[in-house]
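This report concerns only the one structure given below.
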Amino acid sequence: MRRPRRNRATAAIRDLAQETTLSTNDLILPIFLLEGEKKKTEVESMPGIFRLSEDLVLKEIEECLKLGIKGFDIFPVVDESHKDKLATKSYDSNFFYLKALKKIKETFPEAFIITDVAMDPYSSDGHDGIVEDGKILNDETLEILGKMSLAQAETGIDMIGPSDMMDFRVGYLRNVLDENEFQDTGIMSYTAKYASAFYGPFRDALNSAPKFGDKKTYQMNPANSDEALLEAQLDFQEGADVLMVKPALAYLDIIQKLKENFHIPIAAYNVSGEYSMIKAAGEKGWLDPTAAMIESLLSIKRAGTDMILTYFAKEAAQHLRQIE
Ligand code: PBG
């Protein structure tokens, strides 16, 4: 008689039979960067996650590297007074975030540094593209994203992460990088980025919520999966090095489809809302937050990701170290 429980009978056989393993090598930590020095503020809707000034970001990266975390995605918190309709601060080489990126890369050349390419943190409209008469302009936005990408590449970072969902941006940015001798700077494309309610706490962290409307004319409809394959096909053809699905947990089927159909690394973004839900339920004593964290990350890996952007990166790395 076939008895599946035989392979679950002891810890030893469970470990031996385990198909998917979570490793610190899979984790990328998103970091919220503040202007100034010795500044640290907790994101209220993300317990345990802090916005940090450059000096403290350097310390954080150092600690994470010691834990074995290799990837970091840096998001600047931009003061309202620096925002404008064309996100001009995003490519001003004197602006704090570009100087900080340079410093980070100089201090830790071995750390893999990813940046976010989209207008929202720098835009007075809080949208990812240029707004005109309530519409988000696609082709005009590409020009700004090009300048932003180039300014970021000039700091020495390893990979840009276009998260804006404009059409043709991967090809456009690849050309801009190549024409300026940044052919070694990679592109992690936010390929299947859904118009999701799970980004709420991130927008609190950066104070970057749209000032009007929503992002449904550029981010994807959560009901669709064929569209994710179309986006992936375009980004693949346009030269993306990594295809990302975002959010992760409600979109495991999309991760699986991309993994099956495209033979380049697949990333998933375990977004702010997914982090906060576990933290909030944990604080209430409704579930075991550490077990829920590991189960979530393992599920994202099982679906087919090669790397996971997650606010849990440090905690998960600490946990993995303890159980080894
Ligand atoms: C910027 C961007 C967003 C996130 C990453 N890059 C917010 C958005 O598109 O509104 C969300 C990440 C998270 O929720 O953790 N375009």
Side-chain angles (χ1 to χ4, degrees), residues 27-33 43-51 71-78 83 87 89-90 97 114-131 136 138 141-142 144-145 148-149 152 159-167 169-170 173 187-222 231 242 244-251 267-280 293 296-297 300 307-314:
L27 305 175
I28 297 169
L29 177 69
I31 293 180
F32 300 128
L33 170 74
V43 182
E44 243 172 79
S45 50
M46 302 180 75
I49 298 297
F50 296 85
R51 308 173 188 88
F72 304 88
D73 198 344
I74 316 285
F75 295 91
V77 183
V78 179
K83 298 184 184 181
K89 286 292 180 192
S90 67
Y97 97 98
I114 306 164
T115 52
D116 196 70
V117 177
M119 285 175 61
D120 52 339
Y122 319 89
S123 152
S124 46
D125 292 309
H127 275 285
D128 293 21
I130 299 177
V131 179
I136 316 302
N138 193 90
T141 296
L142 297 182
I144 304 218
L145 300 178
M148 193 184 310
S149 300
Q152 293 175 353
M159 189 169 254
I160 58 167
S163 71
D164 53 286
M165 289 303 278
M166 296 301 117
D167 290 334
R169 91 279 206 209
V170 172
L173 299 177
I187 301 182
M188 172 187 281
S189 174
Y190 286 62
T191 289
K193 178 170 178 179
Y194 286 88
S196 170
F198 291 102
Y199 308 149
F202 173 96
R203 294 176 188 170
D204 290 345
L206 296 195
N207 186 26
S208 64
K211 298 282 160 56
F212 69 89
D214 52 42
K215 299 192 175 185
K216 289 181 185 167
T217 67
Y218 46 106
Q219 298 182 348
M220 286 174 48
N221 180 349
E231 286 284 2
V242 178
M244 188 212 288
V245 175
K246 177 184 175 187
L249 290 170
Y251 300 89
Y269 200 141
N270 178 215
V271 299
S272 57
E274 298 175 310
Y275 172 88
S276 301
M277 283 195 299
I278 290 178
K279 285 289 173 186
M293 162 184 78
S296 300
L297 295 173
I300 296 167
M307 51 188 113
I308 308 173
L309 293 98
T310 177
Y311 302 94
F312 285 120
K314 200 172 176 192

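Position 1 is the first residue of the sequence; numbering continues from there. In listed order, ligands and their atoms are each counted from 1.
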Original post:
Ring centroid separation for Phe198 and Tyr251, is it under 6.0 angstrom?
Top reply: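 So the answer is no for these two rings.
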Original post:
Quick one: do the Ser208 and Asp120 side chains pair a donor with an acceptor below 3.5 Å?
Top reply: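 Looking only at side-chain atoms, Asp120 and Ser208 do not form any donor-acceptor pair under 3.5 Å.
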**OP:** Could you tell me whether the side chains of Tyr97 and Gln152 share a donor-acceptor contact shorter than 3.5 Å?
**Re:**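 Their side chains do contain a donor-acceptor pair, which is all the 3.5 Å distance test asks for.
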**OP:** For ligand 1, would you mind listing the residues that have at least one heavy atom less than 4.0 Å away, ordered by chain and number?
**Re:**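 Under the 4.0 Å cut-off, ligand 1 touches Phe75, Asp116, Ala118, Asp120, Asp128, Ser163, Lys193, Phe198, Tyr199, Phe202, Arg203, Lys215, Gln219, Lys246, Tyr269, Val271, Ser272, Tyr311.
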Original post:
For Ile136 and Asp128, what are the C-alpha separation, side-chain angles and deciding distance, and is it a side-chain contact (heavy atoms from CB on, under 4.5 Å)?
Top reply: CA-CA 8 Å; Ile136 316 302; Asp128 293 21; 6.0 Å; no
**OP:** Quick one: list whatever passes side chain to side chain donor-acceptor pair (under 3.5 Å) with Lys216, sequence neighbours left out.
**Re:**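 None.
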**OP:** Please determine if Lys246 forms a cation-pi arrangement with Tyr199, meaning its NZ or CZ atom is less than 6.0 Å from the six-membered ring centre and no more than 45° off the ring axis.
**Re:**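 Yes, cation above the ring, under 6.0 Å and within 45°.
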